[in-house]
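The sequence lines fix the lettering, A, B, ..., with proteins before strands; numbering per chain opens at 1.
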Number of protein chains: 2
Amino acid sequence: MTTIKDVAKKAGVSVATVSRFLNNSGYVSTEAAQAVTVAVEELKYELNPIARSLNTKKSNLIGLILPDITNPFFPELARAVEDVALTYGYTVVLCNSDEDPEKEKNYIETLKKKYIAGFIVTSNQLDAPHYANANVPIVALDRTINEKIPTVSSNNKEGAIMGTNALLERGCKHILFLRGPEKLNPANDRYEGFMEAIQRSNVRYQVVTCPFHFADSQKIVECILQENPLIDGIFASSDVSAAGALKAAGTAGKHVPDELQIVGFDGVAMGAMLSPGLTTVAQDVYKMGAVATRVLIKRIENKKIEQNFYEVPVKLVIRGTTRSVVE
Amino acid sequence: MTTIKDVAKKAGVSVATVSRFLNNSGYVSTEAAQAVTVAVEELKYELNPIARSLNTKKSNLIGLILPDITNPFFPELARAVEDVALTYGYTVVLCNSDEDPEKEKNYIETLKKKYIAGFIVTSNQLDAPHYANANVPIVALDRTINEKIPTVSSNNKEGAIMGTNALLERGCKHILFLRGPEKLNPANDRYEGFMEAIQRSNVRYQVVTCPFHFADSQKIVECILQENPLIDGIFASSDVSAAGALKAAGTAGKHVPDELQIVGFDGVAMGAMLSPGLTTVAQDVYKMGAVATRVLIKRIENKKIEQNFYEVPVKLVIRGTTRSVVE
DNA sequence: CTGAAAGCGCTTACAG
DNA sequence: CTGAAAGCGCTTACAG
């Protein structure tokens with residue numbers, strides 16, 4: 001392994017000069033710079049990041065803390081984070097927290113020992129004070145930890161209004177809203193949006209809380225459909241729930257979209273694979289991840305960030321679980 | 001930050017002794033050990049892994065190189081890797097390669113500079129010699145790099161035989177096999193299995209190569225179904241392709257499973273969400289990841305590993321795209 | 001069984 | 001503009 005010492009010797013300067021040149025810190029004469037450049041080139045020298053970290057107490061590792069990469073929402077997020085991290089020379093450490101504050105804390109602690117540069121955190125159970133005091137740059141997704149920590153999320157409320165209106169415009173007269181877990185911020189925002197839109201109409205509706213879980217959603221919807229044959233529209237707070245609803249419609253013998261229209265939320269790839277294809281309010285998950293990462297890197301590099309709250313717009317994707325708009 | 005020096009001072013011994021004790025290397029008297037234990041406890045000392053790495057040229061980072069975490073096959077794999085890595089005190093760095101050998105090399109090089117402990121590699125375009133010479137522990141998934149590098153994969157051929165037989169036993173008389181990309185080892189193994197099973201029967205069949213891509217598969221199957229109305233069974237080499245086939249069956253007006261039966265391969269969660277639920281040859285992806293990680297850690301820790309090839313059994317999951325067995 | 005010392009490969013005041 | 005030197009927090013021969 002060739003070290004900074006080798007470079008210094010070859011260039012005929014001191015290691016301090018080489019270091020200064022490499023880090024673009026302090027003055028280096030043109031000749032010295034030239035000599036170092038040549039030496040680096042010839043020796044194919046590459047700086048040892050570990051040795052650097054030990055001094056600077058910084059690394060180029062970014063921790064991505066999420067509940068479970070297995071949840072279809074997260075892979076794309078992770079992908080975005082990694083893509084932009086790579087662009088800026090950072091590497092990402094994957095941390096599945098299972099929403100367990102202990103696991104989160106553990107990760108934060110172990111990674112801080114490695115001088116992690118910062119964290120992107122997606123979680124709903126997160127131990128807010130712990131993060132607030134972590135003393136390391138953080139960006140939160142979908143949940144505000146405090147005013148000082150930048151947050152990026154979808155405009156969930158807007159999206160829910162769009163989704164509700166989609167059903168309304170298509171003639172639904174009795175809408176079932178599948179509300180997500182009440183401790184999830186985004187789920188609550190979606191609920192708010194639904195309520196706002198539905199109450200502006202004079203359409204009947206009912207709300208049931210339902211986990212973001214396929215089989216559970218299916219069961220719940222099956223029951224409700226049996227009790228309420230009049231339901232002709234379902235707005236699910238997630239695509240997975242919507243998939244459960246669609247399956248339930250099948251077993252209940254309700255034709256989709258003729259007798260029952262369904263709208264999901266998320267925009268996960270699976271939606272297109274269903275039959276009929278799932279109409280959904282699609283989040284731009286990739287963009288969320290990308291924005292979060294850029295903001296984090298700005299914080300890491302002590303650059304000013306314009307705002308502390310970033311909202312990524314959501315988009316209605318019309319597929320086969322809804323009919324055409326009623327004029 | 002409390003350092004080993006602080007501990008040494010408090011315990012009244014030298015840093016060398018503390019280090020020896022902490023690493024369980026070399027002799028340490030019972031008294032010294034006792035004193036160090038107390039000091040560590042009182043100071044809440046935690047070893048600095050970066051400083052250690054600089055000396056030992058080792059870290060507890062594991063690199064997970066995969067084509068794209070967004071592909072539904074990989075999140076579960078990543079999850080497994082992270083779970084067992086955590087158990088053994090390792091942390092995982094996520095690397096999306098897009099099957100690009102350059103990106104792979106880059107990751108290997110940058111992570112080696114960080115003294116990465118080892119790699120788990122899933123890729124099909126991988127630059128075999130580069131890996132073979134990487135001079136760092138590696139475990140490969142689904143592809144043999146060379147005899148010295150341990151490999152774990154599903155028993156794809158067996159699985160394909162099972163899948164084919166499932167269709168045969170259920171009375172299919174004309175089977176379409178959706179073969180995967182020819183440069184993918186697992187896809188070829190599945191093809192082999194199909195051929196072996198189908199040729200033992202006297203059933204008609206045809207094979208078409210088809211990417212592991214939903215919309216493409218749908219299109220291809222739509223065409224073929226039109227040309228060959230006699231096809232009454234489809235065995236797809238992946239669940240995504242199977243989903244495409246199922247969709248195609250819908251647009252072609254073929255009832256599944258009455259007129260057309262479909263079997264997929266992979267066992268991805270999405271399969272259960274389709275209507276009807278997808279019958280499939282399920283891989284135990286989590287197990288593959290777990291096995292790979294354990295083997296890697298053994299290699300890292302210079303423990304003997306029993307074998308260089310691990311095959312994880314596959315399992316037939318019967319759902320709604322197939323009928324009951326013909327007696 | 002133990003400690004002084006060198007070394008891992010860098011960065012950073014400091015003096016010049 | 002530059003270099004000698006101390007230091008980041010550990011590990012590891014080596015001598016005792």
Spell out protein contact along nucleotides 11-16 of chain D as letters: B when the base is contacted, S when just the sugar-phosphate is, - when no protein heavy atom is under 4.0 Å; keep the 5' to 3' order. BBB---

Who are the side chain to side chain donor-acceptor pair (under 3.5 Å) partners of B/Tyr45, not counting sequence neighbours? none

Could you grab the distance from atom CD of B/Glu42 to atom OG1 of B/Thr37, nearest 0.5 Å is fine? 11.0 Å

Is there side-chain contact between A/Val291 and A/Lys287, with heavy atoms separated by less than 4.5 Å? yes

Does the pair A/Asp83/A/Arg79 count as a salt bridge with the N-to-O cut at 4.0 Å? yes

Are A/Tyr27 and D/dG3 close enough that a side-chain N or O sits under 4.0 Å from OP1 or OP2? no

Could you tell me whether the side chains of B/Asn48 and A/Tyr115 share a donor-acceptor contact shorter than 3.5 Å? yes

Any stems for DNA chain C, made of 3 or more Watson-Crick or G-U pairs in a row, each with both distances under 3.5 Å? C:1-3 with D:14-16, C:5-12 with D:5-12, C:14-16 with D:1-3

Do the charged groups of B/Lys298 and B/Glu306 touch, with an N to O distance under 4.0 Å? yes

Assess the side chains of B/Glu311 and B/Asn155: does a donor N or O sit below 3.5 Å from an acceptor N or O? no

On the nucleotide C/dG9, are OP1 or OP2 found under 4.0 Å from the side-chain N or O atoms that A/Thr3 carries? no

Need one value for A/Tyr45: base, sugar-phosphate or nothing, where a base atom within 4.0 Å counts as base even if backbone is also close, heavy atoms only. sugar-phosphate

Counting only heavy atoms not in B/Tyr286 (residues, nucleotides, ligands), do more than 12 fall under 6.0 Å from its OH? yes

Examine C/dC1: is either OP1 or OP2 under 4.0 Å from a nitrogen or oxygen in the side chain of B/Ser29? Give yes or no. no

